[in-house]
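Notes follow once the structure below has been shown.
None of these values were measured; they are calculated from a predicted model.
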Amino acid sequence: MSSRRNAIPRRAHKERAQPQSRKKFGLLEKHKDYVVRAKAYRKKEETIRRLKEKAAFRNPDEFYLKMIKTKTVDGVHRLESEANKYTQEELMLMKTQDIGYILQKLQSERNKIEKLTTMLHSLDSNLSSRHVYYAEDREETKEIKYISGRKATLPVFDDIPDHIKRKTAASYRELEGRKKRVQELEKLFMDMSLQKELQV
């Protein structure tokens, strides 16, 4: 019986649309949207109820550790400032560690730049090796000039595929970005070193 019922095509159920006069209010809220909204509302109400109950049963003489580090300003608990938390020696040590970290990153970036330049050095540069030819007479000189002129006009990198050209361009962009980063790190390193020297 159920298989015969499933064989008959039925019209798909469609949700009710928002009436034209209420289009300005946006989409019509469906039951599933209402359920989500109602659950969120009930959860917030329950949280507020629990907090009110906790505040009502609070013991005013109760001690907790944060009382030591906080003070009440206009009825609101505020943490004390932790600006003077470290001694002068600890601050100097932290600044030295920061300078060491920046120096390490600077050297790492320089090494990466060096590797990239050595890799890209021979990719795009035309071979500019100059050959010295020795000729016996003027005719041989003309012949050598003609042959060397033909070699110079030959295109060297016309048959490179597009994906290799894209990778090369990306590598050059990466190289430029790393050079900028090295300049920023050098500036930061100099500023921090100067501040440390002035503090000593």
Side-chain angles (χ1 to χ4, degrees), residues 26-27 29 32-126 128 160-200:
L27 294 171
E29 186 182 47
K32 60 182 179 181
D33 303 327
Y34 164 75
V35 168
V36 171
R37 188 169 56 83
K39 278 183 183 174
Y41 174 76
R42 282 196 291 273
K43 188 177 176 185
K44 287 174 190 169
E45 287 293 315
E46 179 62 24
T47 306
I48 290 169
R49 188 193 62 75
R50 271 192 278 109
L51 287 172
K52 281 182 180 175
E53 186 179 298
K54 200 173 182 181
F57 290 115
R58 186 178 65 87
N59 182 3
D61 299 328
E62 184 179 351
F63 173 80
Y64 57 98
L65 290 170
K66 241 180 186 176
M67 285 180 172
I68 300 168
K69 295 182 179 178
T70 57
K71 57 183 178 182
T72 309
V73 179
D74 298 329
V76 179
H77 281 289
R78 296 195 187 276
L79 281 169
E80 286 181 3
S81 174
E82 297 183 356
N84 301 325
K85 187 177 174 180
Y86 301 106
T87 63
Q88 194 66 28
E89 290 82 22
E90 288 173 333
L91 287 171
M92 287 295 289
L93 177 65
M94 283 192 278
K95 283 187 181 175
T96 307
Q97 288 171 343
D98 290 347
I99 291 171
Y101 176 75
I102 287 175
L103 186 62
Q104 176 193 358
K105 283 290 170 191
L106 186 61
Q107 289 170 345
S108 167
E109 287 295 321
R110 282 181 182 154
N111 289 342
K112 286 176 185 173
I113 286 174
E114 193 176 324
K115 281 181 186 175
L116 267 174
T117 48
T118 53
M119 185 182 76
L120 294 171
H121 180 67
S122 62
L123 287 181
D124 258 359
S125 60
N126 291 330
S128 61
I160 294 178
D162 287 339
H163 69 280
I164 293 177
K165 287 181 182 176
R166 281 195 300 270
K167 283 183 181 178
T168 307
S171 297
Y172 275 112
R173 281 196 300 273
E174 182 186 352
L175 183 66
E176 287 302 314
R178 289 196 185 279
K179 282 181 180 176
K180 280 182 186 173
R181 186 160 183 217
V182 162
Q183 288 173 354
E184 290 168 6
L185 285 170
E186 281 174 349
K187 187 174 180 243
L188 185 63
F189 177 72
M190 295 300 286
D191 290 345
M192 291 179 78
S193 300
L194 184 65
Q195 285 177 2
K196 188 184 172 195
E197 291 297 321
L198 289 174
Q199 281 187 349
V200 174

Legend entry - CZ/Phe63: more than 12 non-hydrogen atoms of other groups inside 6.0 Å: yes
Inset, instruction - Check for a donor-acceptor pair, side chain of Thr118 on one end and backbone N or O of Glu114 on the other, with a separation under 3.5 Å. - result: yes
Inset, instruction - Inspect the surroundings of CG in Asn59 and state if more than 12 heavy atoms from other residues, nucleotides or ligands are less than 6.0 Å away. - result: yes
Legend entry - Val182 to Leu106 - nearest heavy-atom pair and separation: O-CD1, 3.6 Å
Inset, instruction - Begin with the C-alpha distance, continue with both residues' side-chain angles, and end with the deciding distance and a verdict on side-chain contact (heavy atoms from CB on, under 4.5 Å) for Met94 and Leu91. - result: CA-CA 5 Å; Met94 283 192 278; Leu91 287 171; 3.9 Å; yes
Inset, instruction - Using the salt bridge (Lys or Arg N to Asp or Glu O under 4.0 Å) rule, collect all pairs that involve residues 87-100, keeping only residues at least two apart or in two chains. - result: none
Inset, instruction - Check whether more than 12 heavy atoms from other residues, nucleotides or ligands sit under 6.0 Å from atom CG of Leu194, and answer yes or no. - result: yes
Inset, instruction - Taking salt bridge (Lys or Arg N to Asp or Glu O under 4.0 Å) as the test, write out the residues that go with Arg178, two or more places apart. - result: Glu109, Glu174
Legend entry - Within-4.5 Å side-chain heavy-atom neighbours: Thr47 and Arg50: yes
Inset, instruction - Write down the atom of Leu120, the atom of Tyr172, and the distance for their closest heavy-atom approach. - result: O-OH, 3.5 Å
Inset, instruction - Would you mind checking if Glu45 and Arg49 are paired as a salt bridge, meaning a charged N to carboxylate O distance below 4.0 Å? - result: no
Inset, instruction - Measure the CG-NZ distance between Asn111 and Lys115 for me, rounded to the nearest 0.5 Å. - result: 7.0 Å
Legend entry - Arg110 bridged to Glu186 by N-O distance under 4.0 Å: yes
Inset, instruction - Quick one: pull up NZ in Lys167 and OG in Ser171 and give me the separation to the nearest 0.5 Å. - result: 9.0 Å
Inset, instruction - Measure the CD-CG distance between Glu176 and Leu116 for me, rounded to the nearest 0.5 Å. - result: 11.0 Å
Inset, instruction - Might you point out which heavy atoms bring Ile102 and Met192 nearest each other, and give the distance in Å? - result: CD1-SD, 3.1 Å
Legend entry - Gap separating the NZ atom of Lys52 from the CD1 atom of Ile48, nearest 0.5 angstrom: 6.5 Å
Legend entry - Test salt bridge (Lys or Arg N to Asp or Glu O under 4.0 Å) applied to Glu29 - qualifying residues, sequence neighbours left out: Arg37
Inset, instruction - Quick one: pull up CG in Asp191 and NZ in Lys196 and give me the separation to the nearest 0.5 Å. - result: 15.0 Å
Inset, instruction - Under the side-chain contact (heavy atoms from CB on, under 4.5 Å) rule, what do Val36 and Lys32 come out as? Steps first, then yes or no, please. - result: CA-CA 6 Å; Val36 171; Lys32 60 182 179 181; 5.9 Å; no
Inset, instruction - Calculate, to the nearest 0.5 Å, the distance between atoms OG and CG belonging to Ser193 and Leu188 respectively. - result: 9.0 Å
